[in-house]
Asks: 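I'd like to ask you about the structure that follows.
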Amino acid sequence: LPNLLLTFPDLAPGDFRRRKVESPDELARFVRDDPGGALADLLTSLGGENDVASIKAALDGVLDPSSWNGWWAKARKHPRVLTSGTGSRLRYSVSESAEEAADTLLDELERAEPRDRLSIAKRIAARGDATASAAVGVLAASLDRLGDDPGLAWETAAALDALPDG
C-alpha cells in the first residue's frame, strides 16, 4: 500500500479526501454538524465545477445516504457555494469568500442574455443577501430593452418581484 500511495499526488493536510482516509469519524461529525462548511471544503478539494453525482460520491462513507436530502438542502445554501448551468448540467463550485461569490453572480447576471438572466436571478434570490438587492438594479435596467419581447418583459418583471426590494 505505501508504494501505491506514491503514485498519487500529494494531498495537502486538511484536504477533504485526505481527511476521509486519516480521520473518517472526525470528518463524518464535521459533515453532519456543518453541512455548508463541509461542502465548501469538499468543493475546494475537488477543484473546478462538480456535479451532484461527484459530490455525493465523495461523501460516500462519511454521510449516511438516508441523510442526503436534508444535508444537501442545507449545504448548498452556503454563501461561498456557486452554481452554474441548468437542469441536469447544474454544476457547483466554491469561491474564496462570500463576497467573491456575490461578485461572481452579479457579473454573470450582467453578462447574460436577457432570457438567461431569469435563471441567474432565481439563484441570486435564493441567497437572500445584499446580492439580491444589487440584482434588482440589473434586471430593472434591462426591462427598458425588452420592449420587442413583451413575454420576456413580463417574466423579468416577475423575477424582479421575487427579489428583495424588487
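Computed over heavy atoms, backbone and side chain alike; hydrogens, waters and symmetry mates excluded.
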Asks: Okay, side chain of Lys20, backbone of Ala58: is any donor-acceptor separation there less than 3.5 Å?
Replies: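 Judged by distance alone, yes, a pair lies under 3.5 Å.
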Asks: At their closest point, which heavy atom of Gly147 faces which heavy atom of Pro150, and how far apart are they?
Replies: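 In this case the closest contact between Gly147 and Pro150 is O-CD, 4.2 Å.
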Asks: With a 3.5 Å distance limit and no angle check, can you tell me whether Ser93 reaches the backbone of Gly48 through a side-chain donor-acceptor pair?
Replies: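 No: the side chain of Ser93 does not pair with the backbone of Gly48.
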Asks: Is Val81 reachable from Val52 through a run of hydrophobic residues whose side-chain heavy atoms are each under 4.5 Å from the next?
Replies: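 Same cluster.
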Asks: Does any pair with a residue in residues 56-67 pass salt bridge (Lys or Arg N to Asp or Glu O under 4.0 Å), and if so which ones, sequence neighbours excluded?
Replies: none
Asks: Nearest 0.5 Å please: distance from the OG1 atom of Thr104 over to the CZ atom of Arg80.
Replies: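 The CZ atom of Arg80 is 12.0 Å from OG1 of Thr104, to the nearest 0.5 Å.
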Asks: Can Asp51 and Ser54 be counted as having a side-chain donor-acceptor contact under 3.5 angstrom?
Replies: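 The answer is yes; a qualifying pair exists.
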Asks: Run His78 and Leu39 through side chain to side chain contact (heavy atoms under 4.5 Å, CB included) and show every step you take.
Replies: CA-CA 8 Å; His78 192 279; Leu39 179 58; 5.8 Å; no
Asks: Please say yes or no: joined through hydrophobic side-chain contacts below 4.5 Å, possibly via intermediate residues, are Val94 and Leu63 part of one cluster?
Replies: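 Linked within one cluster.
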Asks: Minimum heavy-atom separation for Ala159 to Leu139, with atom names?
Replies: CB-CD1, 4.3 Å
Asks: Following the transitive rule for hydrophobic clusters with a side-chain heavy-atom cut-off under 4.5 Å over Ile, Leu, Val, Met, Phe, Trp and Tyr, establish whether Leu105 and Leu109 coincide in one cluster.
Replies: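 Leu105 clusters together with Leu109.
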Asks: Under a single-linkage definition using a 4.5 Å side-chain heavy-atom cutoff for Ile, Leu, Val, Met, Phe, Trp and Tyr, are Leu90 and Leu118 assigned to the same hydrophobic cluster?
Replies: no
Asks: Please list all pairs meeting salt bridge (Lys or Arg N to Asp or Glu O under 4.0 Å) that have one or both residues in residues 82-103, counting only residues at least two apart or in different chains.
Replies: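 Sorted pair list comes back empty.
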Asks: Drop me the distance from Thr44's OG1 to Phe16's CZ, to the nearest 0.5 angstrom.
Replies: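 Nearest 0.5 Å value for the OG1-CZ distance: 11.0 Å.
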Asks: Minimum heavy-atom separation for Arg76 and Ala73, please, with both atom names.
Replies: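 That closest heavy-atom pairing would be CG-O, 4.0 Å.
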Asks: To the nearest 0.5 Å, tell me how far Glu110 CD sits from Ser142 OG.
Replies: 11.0 Å
Asks: Got a donor-acceptor contact below 3.5 angstrom from the Arg123 side chain to the Ser119 backbone?
Replies: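 No.
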Asks: Would you name the heavy atoms of Leu152 and Pro114 that are closest together and state the gap between them?
Replies: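 Heavy atoms only, the tightest pair is CD2-CB, 3.6 Å.
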Asks: Is any side-chain heavy atom of Phe30 closer than 4.5 Å to one of Val62?
Replies: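 No, side chains not in contact.
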Asks: Quick one: does any side-chain atom of Arg117 pair with a main-chain N or O of Ala112 as donor and acceptor, under 3.5 Å?
Replies: yes
Asks: Once ring pair (Phe, Tyr, Trp, His ring centres under 6.0 Å) is applied, do any residues pair with Tyr92, and if so which ones, sequence neighbours excluded?
Replies: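 Tyr92 satisfies ring pair (Phe, Tyr, Trp, His ring centres under 6.0 Å) with Trp72 once adjacent residues are dropped.
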Asks: Mind listing the closest non-hydrogen atom pair of Leu82 and Ala101 along with its distance?
Replies: CD2-O, 3.5 Å
Asks: Report whether Leu143 and Trp154 are members of the same hydrophobic cluster (ILVMFWY, side-chain heavy atoms less than 4.5 Å apart, transitive linking).
Replies: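 Leu143 and Trp154: separate clusters.
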Asks: Can you name the closest pair of heavy atoms from Ala125 and Leu163 and give their distance?
Replies: CB-CD2, 3.4 Å
Asks: Atom CZ in Arg17, atom CG in Leu27: separation rounded to 0.5 Å?
Replies: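 These two atoms lie 12.5 Å from each other.
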Asks: Which value, rounded to the nearest 0.5 Å, describes the distance between Ile124 atom CD1 and Thr131 atom OG1?
Replies: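 Spacing of CD1 (Ile124) from OG1 (Thr131) equals 7.0 Å.
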Asks: Look up atom CD in Glu155 and atom CG in Leu160, then write down how far apart they are to the nearest 0.5 Å.
Replies: 12.5 Å
